[in-house]
Amino acid sequence: MNAHDSEKVIGTLIHEGYRQVDTVEDAHYVFYNTCSIRDKAEQKVFNRLQHFRRSDGAGRGKVFAVIGCVAQQEGEKIFERAPHVSLVAGSASYTRLPEMLVQLETGNKRVTGLSLDTDQAFDTPFTRRDNPHRAYITIIEGCDKSCAYCVVPFTRGPERSRTSASVMEEAKRLADSGYTEIQLLGQNVNSYRDPSCTGWDFATLLDRVGTVPGIRRVRFTTSHPRDFVKEIIDVIDSNPNLCNHVHLPVQSGSSRVLSGMQRLYTRDQYMERISWMKNARRPIAITSDIIVGFPGETEKDFEETLALLDEVQYDGLFSFKYSQRPNTAALQLSDHIPEEEKSRRLTVVQEKQRAIQIRQNANLVGTQEEVNVEGYHATLNLWAGRTSRNRTLNFTHAGSETPEELVGKYVQVRVTRGGPNSLAGESVN
Ligand code: SAM
Ligand code: SF4
């Protein structure tokens, strides 16, 4: 989501007449788009800013801007901590960026965009996209949930969906300019509700984007289990252009911890959604997020998470140590888990998941997968691409195409080997 926000911010700046340069040294304006989901991400921003302190000379003559979640969270405190910063703006203020830049150009030394009071999503036709074949489309911004550990509702503001007409128009524009793969984005895409009188829900929007001529693959991330309805699986089953991959973060396998996290579902309700996917007509890859060491997580709770991994057999997993975030409800909880214990639990989860992925990927040996080609490693003479199930597949290809000709195309590949994080194979056409 942040990567795509950067694409939109860059596009907006280029539209205003600015030019993008390759290095920070060459820039007059330096924008840091920031993440504050965990403490580590936040610290990185200040370390980088430190590197360009004007007093050191490296930042002389440059104008520094901090945008995104750290900007929203820390607000004007950033000016105290990094006095060489001139602009601080959260994502809910990106529509005001051109106006804020005018303020800077006219000599204003400190400009802020920190209001969260908006019912608008950042909808711009000026996106400068990084990839010529695969494009992101934000369909919903912000979050109305209040998970006890999470900073997002404080940094990205209330939930606001774009109209289905504007999403469809963007999808058609992308298809017309040669894109074949679209990824629909939102903190909780399945909370999507068309604000226009068309009134589409997420499953309808997903299906319709998957029928845009020229679009061969549609992905979406992230889904919240509470709002995940069976219709989503039904449309994936009926529309082959919808990728057979669902990222459905569980966070914990213990209903007691889920309740403390204010996740709004129990383990059983989560597992019901998993059973819809396991019973789908097409095999659907399932991935998830786990937080270990949430305050009060006992050894028994943790074992329930490990048992859930055994039961679901995820195709991929992002796992994190619980990190205290400002303003969040979990700060009030007692019984914080020591850092070493969190690290131990994280290692156990990651080792278990690695073994599961080795087995899952070994099961794919002998199958044929369609790959959207992403690149070529000349030294290894290997092509790389992604399957509909979102697996990276490295493959040999006997054809004489150049990378310019093959990247972005779809190739049938027979899987010959599986590793923990990727597959290997050979093309069959
Ligand atoms: N909206 C998505 C959902 O509800 O599942 C999650 C979006 S969040 C940006 C991505 C992931 O970061 C979460 O699923 C969670 O696992 C992790 N995360 C969020 N806050 C965290 C915290 N305070 N400590 C550790 N991990 C956290
Ligand atoms: Fe954060 Fe929960 Fe919202 Fe996801 S649903 S962004 S975890 S508050």
Side-chain angles (χ1 to χ4, degrees), residues 1-5 33-43 68-70 72-73 90-92 116 136 138-161 183-192 202 220-228 232 246-254 257-265 269-270 273-274 286-297 302 305 308-309 312 314 316-333 336-337 339 341-343 345-346 349-350 353:
M1 192 133 200
N2 256 9
H4 183 45
D5 279 352
N33 186 9
T34 61
C35 171
S36 68
I37 196 77
R38 282 168 293 276
D39 187 48
K40 242 190 193 168
E42 187 185 321
Q43 287 316 318
C69 290
V70 174
Q72 189 67 51
Q73 179 187 296
S91 62
L116 285 177
Y136 298 120
T138 306
I139 60 166
I140 179 169
E141 287 185 13
C143 178
D144 280 350
K145 304 272 189 297
S146 36
C147 301
Y149 51 81
C150 184
V151 81
V152 168
F154 305 99
T155 58
R156 284 189 170 267
E159 217 163 74
R160 47 217 191 266
S161 297
Q183 182 153 5
L184 303 178
L185 294 180
Q187 289 303 332
N188 295 313
V189 277
N190 50 340
S191 312
Y192 175 83
F202 175 65
F220 55 96
T221 193
T222 296
S223 300
H224 190 287
R226 162 76 171 236
D227 303 330
F228 196 89
I232 298 172
V246 173
H247 183 66
L248 196 65
V250 64
Q251 315 299 357
S252 168
S254 152
V257 173
L258 289 173
S259 161
M261 288 178 165
Q262 294 165 209
R263 281 293 284 179
L264 310 174
Y265 54 85
Q269 287 165 332
Y270 181 85
R273 278 128 186 95
I274 296 294
I286 311 170
T287 56
S288 195
D289 296 345
I290 296 272
I291 296 176
V292 298
F294 184 75
E297 183 189 66
F302 178 60
T305 297
L308 184 125
L309 298 194
V312 178
Y314 287 114
L317 188 72
F318 297 98
S319 45
F320 313 104
K321 290 191 274 187
Y322 165 71
S323 165
Q324 291 191 10
R325 303 315 293 131
N327 306 315
T328 55
L331 289 180
Q332 309 304 322
L333 299 174
H336 282 268
I337 310 296
E339 203 51 37
E341 180 56 16
K342 284 197 254 179
S343 300
R345 290 183 191 178
L346 187 69
V349 161
Q350 291 180 342
Q353 180 58 27

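We count ligands from 1, going down the list as the structure has it; atoms in each ligand are counted the same way.
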Regarding Tyr149 and Arg38, do their side chains bring together a donor and an acceptor under 3.5 Å, going by distance alone? no

What part of Asn188, side chain from CB on, backbone N/CA/C/O, both or neither, has a heavy atom under 4.0 Å from ligand 2? side chain

So that I can tick it off, tell me whether Glu339 and Lys321 are bridged by a salt bridge, with the cut-off set at under 4.0 angstrom between side-chain N and carboxylate O. yes

Tell me if a side-chain donor or acceptor on [X] pairs with a main-chain N or O of [Y] at a distance below 3.5 Å.
X: Ser252; Y: Val257; answer: no
X: Asn33; Y: Asn2; answer: yes
X: Ser288; Y: Leu248; answer: yes
X: Asn190; Y: His224; answer: yes

Going by the atom numbers of ligand 2, which of them fall below 4.0 Å from some non-hydrogen atom of His224? 5 (S)

No waters, cut-off 2.8 Å: how many protein N, O or S atoms are close to atom 1 (Fe) of ligand 2? 1

Which residues pass the ring-ring contact (aromatic ring centres under 6.0 Å, His included) test with Phe202, not counting sequence neighbours? Phe220

Under the rule for ring-ring contact (aromatic ring centres under 6.0 Å, His included), what residues qualify as partners of Tyr314, not counting sequence neighbours? none

Compute the minimum heavy-atom distance from Arg263 to ligand 2 and say whether it is under 4.0 Å. yes

Relative to the ring of Tyr136, is the ring of His4 parallel (under 30°), tilted (30 to 60°) or perpendicular (over 60°)? tilted

Under 4.0 Å from ligand 1, residues with heavy atoms, in chain and number order, are Ile37, Arg38, Tyr149, Gln187, Asn188, Thr222, His224, Pro249, Gln251, Arg263, Asp289, Ile291, Phe320, Lys321, Tyr322, Ser323, Arg325

Give, for atom CZ of Phe228 and atom OH of Tyr265, the distance between the pair rounded to the nearest 0.5 Å. 12.5 Å

Close side-chain approach of Val250 and Ile274, heavy atoms under 4.5 Å: no

